[in-house]
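Okay, so here's the structure we're looking at.
All values below were derived from every heavy atom in this structure, side-chain atoms included, with hydrogens, water molecules and symmetry-related copies excluded. By convention in this document, chain letters (A, B, ...) are assigned in the order of the sequence lines, proteins followed by strands, and residues within each chain are numbered from 1.
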Amino acid sequence: MARNITSRTEDYSQWYLDIIKVAELADYAPVRGCMVIRPTGYALWESIQRHFDDAFKETGHVNAYFPLLIPNSFLEKEAEHVEGFAPECAVVTHAGGEELEEPLIVRPTSETVIGHMYSKWIQSWRDLPILINQWANVMRWEKRPRLFLRTSEFLWQEGHTAHATREEAMEETLKMLEVYRRIMTDILALPVIPGEKTEGERFPGAANTYTCETMMSDKKALQAGTSHFLGQNFAKAFEIQFQNQDGNLEYAWTTSWGASTRLIGAIIMTHSDDDGLILPPRVAPVKVAILPISTDDEMIASTLLPKAAEISAQLDSRLGGRFTVVDKQFHLRPGDRFFSHLQRGVPLRIELGEKELASGTARVVRRDTGAKVDIPLDALAERIPQLLEEIHTALYEKALAFRKENTRFVSGYEEFKSAIEEQGGFVETFFAGTSDDEKKIKEETGATARCMPLESSETGVCMLTGKTGARRTLFAKAY
RNA sequence: CGGGGCGUAGCGCAGUCUGGUUAGCGCACCUGCUUUGGGAGCAGGGGGUCGAAGGUUCGAAUCCUUUCGCCCCGACCA
């Protein structure tokens, strides 16, 4: 149906890129791996930000800003951390026309500089906990960039907290994972599986890493957000110490957690179809497009536009924000106007023409199903918000059903290999291998351990090593 | 970084093998008229340093060298 979008079945990657282009979410920048987030895409990011930021504030966090440039030596203070990040760091060697004495790293993440600051700020148990979040850009020089999913520079938030006890830090780690899960499911309509990362997939420098894993419509997995329990690793590296109530010095326990513009990629690849973008209503910057349609200019000016403006104002006030637009692209034919909103993923379209005025109704069309209903004008304020909610639920349920259809359990490695190869999707099994075992599985099947789902505490026999007490683990090919 | 493909108008492509007037086509864009409820029709028009730099040649989109970028598949990652 869409003539400017490659179909998903023909070429999934191209479909993804076509969606971004047609919906004007982003464009390539002159520097390899970098992207320009265009106004439509940025509006979506702002909407995502707002939901997350509100949730961070509700859980007691405050925002701050730490610098882009980090002394090279900072990165080296935590052994695993430097090993993990050094290969993908951009380094500033010259400034002010001179070579710098110490190279500066463009932050790939901010644990080190924040750790440094925390060590200055924290002396007593009374200074804890520190609960700070920052919205920032970071840079990771990726070999194979992909719009939104993996760009050299990307936008995200990174929360960094310090606590007096292990228990409290662990509680924070899991609390923020739950915040991610809630927003992803309730706002972005993404069914996610919260779980713990295996040893091989852990954040460099973390004691435990937790993740929200989600399935894209090509059955591949995407890590949509992570929360790390850093133990005392960074506290020891950066001397984050405090005097406890007994007068003894102790290292603090820290956490970090982040979610990025990759979420936009997740939204695209979870909900959209061959006609273009489909946005979950609760996060869509434009929720309703109202289109006055007539061949009669006089009719448009005197009746349809004022009526459209009235409906728009009514709905905005009902929805609590500027979430509707009145389409005034009268130089286009109706079909083109429909498509312009459809391809941008606007959840609902209201058509307002002579027919509607005569019958006192408006034609309302759902983006997700294409279903059309005629709704009495005086019932719009009531029905539109309900319809938006129905769309949210439908999108979520559809994605969840898709994930369930494409998730299976296996108990042996041979069965595992054929499941990955033949059906794809998520494969659950019991696993107790090392990170070398994980590498081997990746080499042989292309699949990686995505997480050990939190909802299951069940243990069994490892599919690879035969060890007992193995945790239930989800594997898949991933982005 | 390895393997493969591709760079010609905003987008999609032909032309390249076999060098030769003024570089074409479709869509998009602009103007006008007719149209208008799921991607309109006719007429006219604008838009190109043929990815870049060197070289060969009387002459290069076309041949040679180098280089940059994009896409796909791997290795590496949010």
Under 3.5 Å on both distances, the Watson-Crick or G-U partner of [N]:
| N | value |
| --- | --- |
| B/rC1 | B/rG74 |
| B/rU35 | none |
| B/rG44 | B/rC30 |
| B/rC6 | B/rG69 |
| B/rU57 | none |

Classify the side chain of [X] and the base of [N] as holding, or not holding, a donor-acceptor pair under 3.5 Å.
| X | N | answer |
| --- | --- | --- |
| A/E443 | B/rG74 | no |
| A/R349 | B/rG38 | yes |
| A/E356 | B/rG37 | yes |
| A/R140 | B/rC77 | no |

Options [options], nucleotide nearest the side-chain atoms of [X]:
| X | options | result |
| --- | --- | --- |
| A/R333 | B/rA40, B/rG12, B/rA75 | B/rA40 |
| A/E142 | B/rC77, B/rG37, B/rG39 | B/rC77 |
| A/P334 | B/rG37, B/rG39, B/rA75 | B/rG37 |
| A/Q14 | B/rU36, B/rC71, B/rG39 | B/rC71 |
| A/K355 | B/rG37, B/rC73, B/rU36 | B/rG37 |
| A/K143 | B/rG37, B/rC1, B/rC77 | B/rC1 |
| A/S13 | B/rC72, B/rG38, B/rG37 | B/rC72 |

What's [X] touching, base or sugar-phosphate or nothing? Going by heavy atoms closer than 4.0 Å.
| X | answer |
| --- | --- |
| A/Y28 | sugar-phosphate |
| A/T6 | nothing |
| A/Q223 | sugar-phosphate |

Spacing of [X] atom [atom1] relative to [N] atom [atom2], expressed in whole Å:
| X | N | atom1 | atom2 | value |
| --- | --- | --- | --- | --- |
| A/I5 | B/rG39 | CD1 | P | 16 Å |
| A/R367 | B/rG38 | CZ | P | 17 Å |
| A/Q329 | B/rU36 | CD | P | 20 Å |
| A/D296 | B/rU35 | CG | C1' | 14 Å |
| A/D11 | B/rG4 | CG | C1' | 14 Å |

Are any side-chain N or O atoms of A/S272 and backbone N or O atoms of A/M269, one a donor and one an acceptor, separated by less than 3.5 Å? no
Under 3.5 Å, is there a donor-acceptor pair between the A/H228 and A/T209 side chains? yes
Excluding sequence neighbours, so at least two apart, what forms side-chain hydrogen bond (donor to acceptor under 3.5 Å, both in side chains) with A/T448? A/R450
Would A/F338 pass as stacked on B/rG38, i.e. its ring centre under 5.5 Å from the base's six-membered ring centre and planes under 30° apart? no
Of A/F234, A/F66, A/F74, which is the lone residue that meets ring pair (Phe, Tyr, Trp, His ring centres under 6.0 Å) with A/H116? A/F74
Short side-chain N/O contact from A/K21 to OP1 or OP2 of B/rG10, under 4.0 Å: no
Using heavy-atom distances to pick each residue's nearest nucleotide on RNA chain B, tell me which of A/A29 and A/L222 is more 5'. A/A29
Under the side chain to side chain contact (heavy atoms under 4.5 Å, CB included) test, residues paired with A/V36 that sit two or more places apart: A/A29
